[in-house]
Amino acid sequence: MSRIYNFSAGPATLPEEVLKQAQDELLDWHGAGMSVMEMSHRGKEFMSIAAQAEADLREVMAIPGNYKVLFLQGGASSQFAMVPLNLMGRTGKADYINTGSWSKKAIAEAKRYGEVNVIADTAADFRAPAQEELSFSSDAAYVHYTPNETIQGVEFPYIPDTGDIPLVADMSSTILSRPIDVSKFGIIYAGAQKNIGPAGLTLVIIREDLIGDAPESCPAMMNYQIHADAGSMYNTPPTYAWYLSGLVFKWLKDNGGLETMAVINERKAEELYATIDASDFYANPVDPECRSWMNVPFTLADDSLDNSFLDEAGARGLKTLKGHRSVGGMRASIYNAMPEEGVQVLIAFMREFEKANA
Ligand SMILES: *Cc1c(COP(=O)(O)O)cnc(C)c1O
């Protein structure tokens, strides 16, 4: 059977080396006589796994010392509430940038907690606003944006400069895809199941001065302070997802870190966009300046061919290419763990399919 390449947007493909290591260690982690899944989160074995994962993530992302890293549950969707719950009380309002489906959800959730100013809305245009289009409310508690819209494939080509207002980023689908300057952010959060590890873990990287402002009524599980004080062990954390994500951080270190990931990711994306642009048979709706390195949506000029495209691609081992129902067509998610070869096999198939059907 030919090799399978999984282009799912999330849960998404994981590095094969990582899965093999997890397999080797599944029944007996480092001679502990038990699986990581069976360990107490407060035992010394798991504590060492947890600490190593955090240390490796800090190294890979160059996270400054005045940031806490929280290993939580609830997905990025819980952060849509947790961010305003913890931060909005500072001034009662926050600025949001709307670039697509995930921004919209974050905005809808924030409205439960205070005044939300949508300071730019380019969701209908498949692009991110330029810095000049952004004017911030002087009393915003924070500015929230989505650096990469996973569904539309729209990515900010820059980090917004918000001056003294803390910048909050939903990095679910773009974290670890390239080096970023963490010090430009107040909070970075991400569900793990795109570019980190398995579903069930949510990473929050938060500047320490933003911790501690939750109101009395804030549930303990939604309070950054409580999780930070407890080292993300206020309750049982998602231990296995934490462990597996730690293996991914180690894999990143062993494979050249984020500088190398950036070079490979940009190359994969450019090859795919070049293939789309070179033909009238395929199209991508996104402003070329704002095209995502991670999620590449594309449509066929004749959408009655969509199903045969997906069937034939699947038969070649190219899986999960169906686009999100809100955009239609196809979407190739090409996170860190998608080998370059997978993108090349996809491109070869696209050319062949075009030749046979144009
Ligand atoms: C997938 C995704 C989410 C939702 O993540 P969950 O972990 O399922 O809550 C939110 N934002 C972005 C940008 C995403 O890609």
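Atoms within a ligand are numbered from 1 in the order they appear, just like the ligands themselves. Since we're looking at a predicted model, the values are computed, not measured.
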Short version for Lys105: what comes under 4.0 Å of ligand 1, heavy atoms counted, is neither
If you scan protein heavy atoms around atom 15 (O) of ligand 1, the nearest is Thr150 OG1, 2.4 Å
Please check if any side-chain donor atom of Thr320 sits under 3.5 Å from a side-chain acceptor atom of Asn6, or the reverse.
yes
Is it true that atom NZ of Lys253 has more than 12 heavy atoms of other residues, nucleotides or ligands lying nearer than 6.0 Å? yes
In this structure, atom 5 (O) of ligand 1 is nearest to the protein heavy atom Ala76 CB, 3.6 Å
CG (Leu72) and CE (Met221) are apart, to the nearest 0.5 Å, by 7.5 Å
Checking heavy atoms under 4.0 Å, the part of Lys194 that sits near ligand 1 is side chain
Can a side-chain donor-acceptor contact be found between Gln152 and Thr99 if the only test is distance below 3.5 angstrom? no
Residue, atom and distance of the protein heavy atom nearest atom 9 (O) of ligand 1 read Ser77 OG, 2.6 Å
Check your understanding: Just wondering, are more than 12 heavy atoms of other shown residues or ligands nearer than 6.0 Å to NZ in Lys250?
Key -> no
heavy-atom search around atom 11 (N) of ligand 1 in the protein gives Asp170 OD2, 2.6 Å
Any heavy atom of Phe80 under 4.0 Å from ligand 1? The part involved is side chain
Please tabulate, for the side chains in residues 351-358, all donor-acceptor contacts under 3.5 angstrom to protein atoms that are two or more places apart in sequence or on a different chain.
residue, atom, partner, partner atom, Å
Glu352, OE1, Arg316, NH2, 2.5
Asn357, ND2, Phe353, O, 2.8

for atom 8 (O) of ligand 1, nearest protein heavy atom and its distance come out as Gln193 NE2, 3.3 Å
